[in-house]
Structure formats: structure tokens, C-alpha cells
Enquirer: 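Below is the structure I would like to discuss, written out as C-alpha cells.
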Amino acid sequence: MCGIVGIVGRKPVNQLLYDSLTLLQHRGQDAAGIVTCDANKFYLRKNNGLVSDVFQAEHMLQLMGNMGIGHVRYPTAGCSSSAEAQPFYVNSPYGIAMAHNGNLTNAEELKSQLYRDDLRHINTDSDSEVLLNIFAHELQQIKKLDVTADEIFTAVEQVHKRCRGGYAVVATIVGKGILAFRDPFGIRPIVYGKRTTELGVEYMIASESVALHALGFELMRDLVPGEAIFIDVDGNFHSQQCAENPQYSPCIFEYVYFARPDSIIDNVSVYKARLRMGSNLVAKLLRIRPDHDIDVVIPIPDTSRTSALEMAYHLGVKYREGFIKNRYIGRTFIMPGQKQRKKSVRQKLNAIDLEFKGKNVLLVDDSIVRGTTSKQIIQMAREAGANKVYMASAAPPVRYPNVYGIDMPSPKEFIADNRTEEEIAKEIGADWLIYQDLDDLIEAVQKGNKSIKTFDCSCFDNKYITNDIDDAYFQHLDTLRSDSAKQQREQGDKLSGIDLYSSQ
């Protein structure tokens, strides 16, 4: 999962891009990058680390121009190498820089095509570089010095025909404008907005609406599945449907975990969706445990707060903040290695003993993936004096890999793999455990936008909407995403000592 942004302004956009990336930092903490365009030249800065670490004053001064794109990254199939920091750049045709959120499920096939048929070299393991080169090749077929918006859209049409998976993309073409497009299923989110200044209209594209609102841009709408938009250097807006059979199937895990609660994605308020998740989950709890003895509801910060608050209200018990979070520690779910995740949990959270001592506590989390964090947090609650510790997950059991851009591990690393809920509860040390039902999760999100008929729920139900996932793909994914495989790749990077894409 990553965060992307693109801006066409009337004055330098370097600070706007920086501020946007800080607002999207929750979507990726591994690397950050910005490309700006001034006249016929790109200016690039990217590196591993948080936005505030990657960009210093001297870098910002070098990012000149009134349009540009930015990216915050967390690693999926790749590892935490600076070689895979985005945006990526190709010099032909025209000069194109691109940033991408998502995952191509046919990246290996495309990489072979690019080398064999298109005569293009891919230098990293990133599917974003593959996507960039596919687009560049298709745009090059236009063979014109001055390319029009319609011709750019024609290239995007070919990208949709060749690429499979989930992707939301921003790109800038030297001296021409900013392009954005979304996969034909709308799996990954992307919105655009505009604002009027004394110098004219400015446009902004971002993964989440919160970035637009905070910077004074009016949210216009989401890009619909398969759509592309292009804003030229003069601020003229163009849009076109570029997919043959688009289908609205956004990723439901965005609403569960990744998106900020103050964002609106596909006309659904993330905050309200999480309130409904809490309402639906507490209704299930009261059905199966009407004689519960819960004294207090405590969220595992931050994402679960909204659902936990609603559960406490309907249970008629106290809601308390029992864990204090160190905000300088990253999100454990998106850390690249299991060893680092284990180490960070106790550094990230500290229990307030008086909220636990002698009480029967219901801990609420947004989801449970590996179970490592849950096990340590339950142990912390017991050490703080809890009498009993119950666990509630606002999402169903995660049993299958996500192949569209979320770094869920191989199935054998899921806590729910081949375990019943009772076995999972025992494994994490809870007195009992309750999961959200999938139908209730879908209802909680769909109620905000009834026009969305289907969601990508593949990590819960094993139904992959692109219809191209088989056992061979899962085996390939296992070699890429398991923690042991990532550690081997990182050790190989260190031993090689070679980085052809060193940061600017």
C-alpha cells in the first residue's frame, strides 16, 4: 500500500507536495519521493525514510516547477531498498515520471514482454517500473512530437489491456501535464480536486481526500474504475473512460485499516463506515454472548477507536483509552520484517494499569493478521492487572493473501490459517475472541454508497475479482512475501553493495 499525489499549480508546488505526503504518511513509511517539472526538466528527490527525513531545506529548494508528483511507499513483494523508492523515470518518449499504488498480478509476464518485444530493460523488482515502461512503450507508438490528451488516453487504454491487478497511478510528462488513471475494477483509491487562486485554477490528485481538504482543495470526485484524467500545463482538464468493461470493486480493507477516518473514498465516509462496523460487531456479540461480563472497552490505537467507541455505547459499558501510543513508532502492520514488528510493539504502546486492574476488558482491533501484535498486547493487558481479556476484530479472519497491493504475508504466516476462532483465541492468549462477519462488514461500507455492488474482499473470502489468480501465483507470491524471503533479499542487497538507482 502506498500514497500518491499529483499537483498542477500556478506557482511552485514543492511545498504542497511535501505537505500532501505528510498527510498520506500513514499509507507508507518505508520511502518517499517527489518529482517536479519546470519547463523541460525534471527535478527528483527520493530516498528511504519518512517524508520529514527524506526532504531537507536544500532538497526542497531544488524541486522547482509548477507541477509535480509525489509518493510514499511501503514494500509489498519487494524489500525496503532505496532502489525501489518512487517516482520512477524514463526519458523516452518525452520524459515521463510515474508513481503507483497497487500491485500488478501479471508483472513477471509483462517484464518478459518488455524485454523480448518492446526492447526495454527493467532494473528493479518493482512492478511500478514495469507499469511505467508499459505506458511509455504505448505512448511511444504515437510517434509525434506534440501529443494530445486523446492520444495519451489511447496509451492508457492499451495499459488497461496489458496490465492486470490493482493500480492507481499519477504521472507527469515533461512540459505537457499530469496524468492519473485507475484500474478497471477501481481496487485502489484515487480522487481529484481543485481550488481557485488569484493566479487561476489549480488541480490536485491524491490517494485520499484528506490531503485535498487539508490543503484547501475542493474534492470533486473519485476517478471511476478505468478512468483517466489529464491536466495540461495550462490547467485544462480532460477525462476519458479508458477501460472496455469497468466494474466497481474497491478494496474493502481500505475502510478497515489503511485509510484515515477523515477521508471519503468512493463517496463513503471512512469514519461512518467504521462506526457501522462497531454497531454490527456489537450486535453479533450480544447475540452470542448476551450474558457477557465486560467492564470496559479499550481500543488498540489508532484505527480501531471509532468501532470501539460504538461498541462501548451499545454495550452500555465504559470506553477507556487504556494504551498510550508512541507516535514516533511506525505502524507495525506495514513494517517490512516480522522481527522488527515484534520489537516495536512494546515500544509503540504502553498500558495504563488503572484502566485494566481487576477488570474484564474487551480489546478492540481493526483486524488480526499475523496475531503477533495481538498476542503481545493481550499479555500487556494481563501484566497491567486485567482479570479477563477478550478480543474483538472489526474485520473477519484474514485467511488468504491480498494480491492487489497490501503486504499480507504467505497464508502459513496468518494466525487464522487452518485454525478455528477458539484455537486463534488460545494462540493469542484471549479468554474469548469474536470476529466481524463478512456480510456485516460489507453492509457497513456499502451503506455509504449503494451504487457499489461488489468489493474486493479476497483476503477474507478467497475470491479474486481479476480472475487470474491460481495456485502457481500463490506459490510465486510466497517466495516474495514471506518474511524469510524478504530477509534473504535484503541480505543480498547489502552484500552486493550496488545501487544503480541511488537517490538524488
Enquirer: Has S207 got a side-chain atom pairing as donor or acceptor with I4's backbone, closer than 3.5 angstrom?
Expert: yes
Enquirer: I'd like to know whether R274 forms a side-chain contact (heavy atoms from CB on, under 4.5 Å) with V270, so could you lay out the CA-CA distance, the side-chain angles of the two residues, the decisive distance to 0.1 Å, and finally the verdict.
Expert: CA-CA 6 Å; R274 289 177 183 167; V270 176; 3.5 Å; yes
Enquirer: To the nearest 0.5 Å, tell me how far M380 CE sits from L349 CG.
Expert: 5.5 Å
Enquirer: Under 4.5 Å between any side-chain heavy atoms of F55 and L63, yes or no?
Expert: yes
Enquirer: Which value, rounded to the nearest 0.5 Å, describes the distance between C457 atom SG and L438 atom CG?
Expert: 5.0 Å
Enquirer: For a quick test of reading the model, state the closest non-hydrogen atom pair linking A395 to F460 and the distance between them.
Expert: CB-CZ, 3.9 Å
Enquirer: How close do V317 and V297 get, counting heavy atoms only, and between which atoms?
Expert: CG2-CG2, 3.7 Å
Enquirer: May I ask you to say whether R276 pairs ionically with E310, meaning some side-chain N is under 4.0 Å from a carboxylate O?
Expert: no
Enquirer: Checking I469 against T105 for the side-chain contact (heavy atoms from CB on, under 4.5 Å) test, could you report, in this order, the C-alpha distance in whole Å, the side-chain angles of both residues, the deciding distance, and whether it holds?
Expert: CA-CA 8 Å; I469 307 303; T105 55; 3.9 Å; yes
Enquirer: Please check this pair: side chain of R260 against backbone of H26, looking for a donor-acceptor N/O pair closer than 3.5 Å.
Expert: no
Enquirer: Is the backbone of A472 close enough, under 3.5 Å, to the side chain of D470 for a donor and an acceptor to pair up by distance?
Expert: yes
Enquirer: Heavy-atom count check: over 12 atoms from other residues, nucleotides or ligands less than 6.0 Å from K272 NZ?
Expert: no
Enquirer: Does F356 form a ring-ring contact (aromatic ring centres under 6.0 Å, His included) with F323? I'd like the steps, not just the answer.
Expert: CA-CA 10 Å; F356 292 91; F323 294 104; 5.2 Å; yes
Enquirer: Does K284 pair with D440 as a salt bridge, N-O distance under 4.0 Å?
Expert: no
Enquirer: Is any side-chain heavy atom of N360 less than 4.5 Å from a side-chain heavy atom of I294?
Expert: no
Enquirer: Could you tell me whether the side chain of N387 reaches within less than 4.5 Å of the side chain of D295, counting heavy atoms only?
Expert: no
Enquirer: For a quick test of reading the model, state the closest non-hydrogen atom pair linking R320 to E355 and the distance between them.
Expert: CG-OE1, 3.2 Å
Enquirer: Are K348 and K325 side-chain neighbours, meaning at least one heavy-atom pair lies under 4.5 Å?
Expert: yes
Enquirer: Which heavy atom in L363 sits nearest to a heavy atom in A381, and how many Å separate them?
Expert: CD1-CB, 4.4 Å
Enquirer: Just how far is it from atom OG1 of T454 to atom CZ of F185, taken to the nearest 0.5 Å?
Expert: 8.5 Å
Enquirer: Can you tell which of K426, R382, R289, K388 makes a salt bridge (Lys or Arg N to Asp or Glu O under 4.0 Å) with D431?
Expert: R382
Enquirer: Is it true that the side chains of Q15 and D19 contain a donor and an acceptor less than 3.5 Å apart?
Expert: yes
Enquirer: Would I368 and I415 count as a side-chain contact (heavy atoms from CB on, under 4.5 Å) here? Give the steps.
Expert: CA-CA 8 Å; I368 303 172; I415 188 71; 3.6 Å; yes
Enquirer: Within the side chain of D366, is there an N or O that forms a donor-acceptor pair under 3.5 Å with the backbone of Y257?
Expert: no
Enquirer: Just so I know, are the side chains of T172 and F42 near enough to count as touching, which here means a heavy-atom distance under 4.5 Å?
Expert: yes
Enquirer: Under a 3.5 Å distance rule, please check whether K46 uses its side chain to pair with a backbone N or O of P87 as donor and acceptor.
Expert: yes
Enquirer: In Å and rounded to the nearest 0.5 Å, what is the CD1 to CD distance from I252 to Q446?
Expert: 8.5 Å
Enquirer: Working note: Y313 + Y319, criterion side-chain contact (heavy atoms from CB on, under 4.5 Å); need CA distance, chi angles, decisive distance, verdict.
Expert: CA-CA 8 Å; Y313 173 78; Y319 169 92; over 6 Å; no
Enquirer: Which heavy atom of M311 sits nearest to which heavy atom of V364, and what is that distance?
Expert: SD-CG2, 4.0 Å
Enquirer: Could you check whether any side-chain heavy atom of T466 comes within less than 4.5 Å of a side-chain heavy atom of V403, counting everything from C-beta outward?
Expert: no
Enquirer: Under 4.5 Å between any side-chain heavy atoms of V369 and F414, yes or no?
Expert: yes
Enquirer: Looking at V210, is its backbone amide N or carbonyl O close enough to the side chain of H213 to form a donor-acceptor pair, meaning the two atoms are under 3.5 Å apart?
Expert: no
Enquirer: Ignoring hydrogens and geometry, is there a side-chain-to-backbone donor-acceptor pair from S209 to I264 under 3.5 Å?
Expert: yes
Enquirer: Kindly compute the distance separating NZ (K447) from OG (S279), expressed to the nearest 0.5 Å.
Expert: 8.5 Å
Enquirer: Taking ring-ring contact (aromatic ring centres under 6.0 Å, His included) as the cut-off, I'd like each qualifying pair that reaches into residues 264-309, sequence neighbours left out, listed once.
Expert: none
Enquirer: To the nearest 0.5 Å, tell me how far Q347 CD sits from N326 CG.
Expert: 8.0 Å
Enquirer: Is there side-chain contact between L21 and L17, with at least one heavy-atom pair below 4.5 Å?
Expert: no
Enquirer: So does P189 get a backbone contact from the side chain of E254, meaning a donor-acceptor N/O pair under 3.5 Å?
Expert: no
Enquirer: Could you report the tightest heavy-atom contact between S393 and L281, atom names first, then the distance?
Expert: O-CD2, 3.4 Å
Enquirer: Is a donor on one side and an acceptor on the other found under 3.5 Å between the side chain of R73 and the backbone of G33?
Expert: no
Enquirer: What residue pairs, at least two apart or across chains, pass salt bridge (Lys or Arg N to Asp or Glu O under 4.0 Å) with a residue in residues 395-406?
Expert: none
Enquirer: Whether the side chain of N449 engages the backbone of D266 through a donor-acceptor N/O pair (distance < 3.5 Å, no angle test) should be reported.
Expert: yes
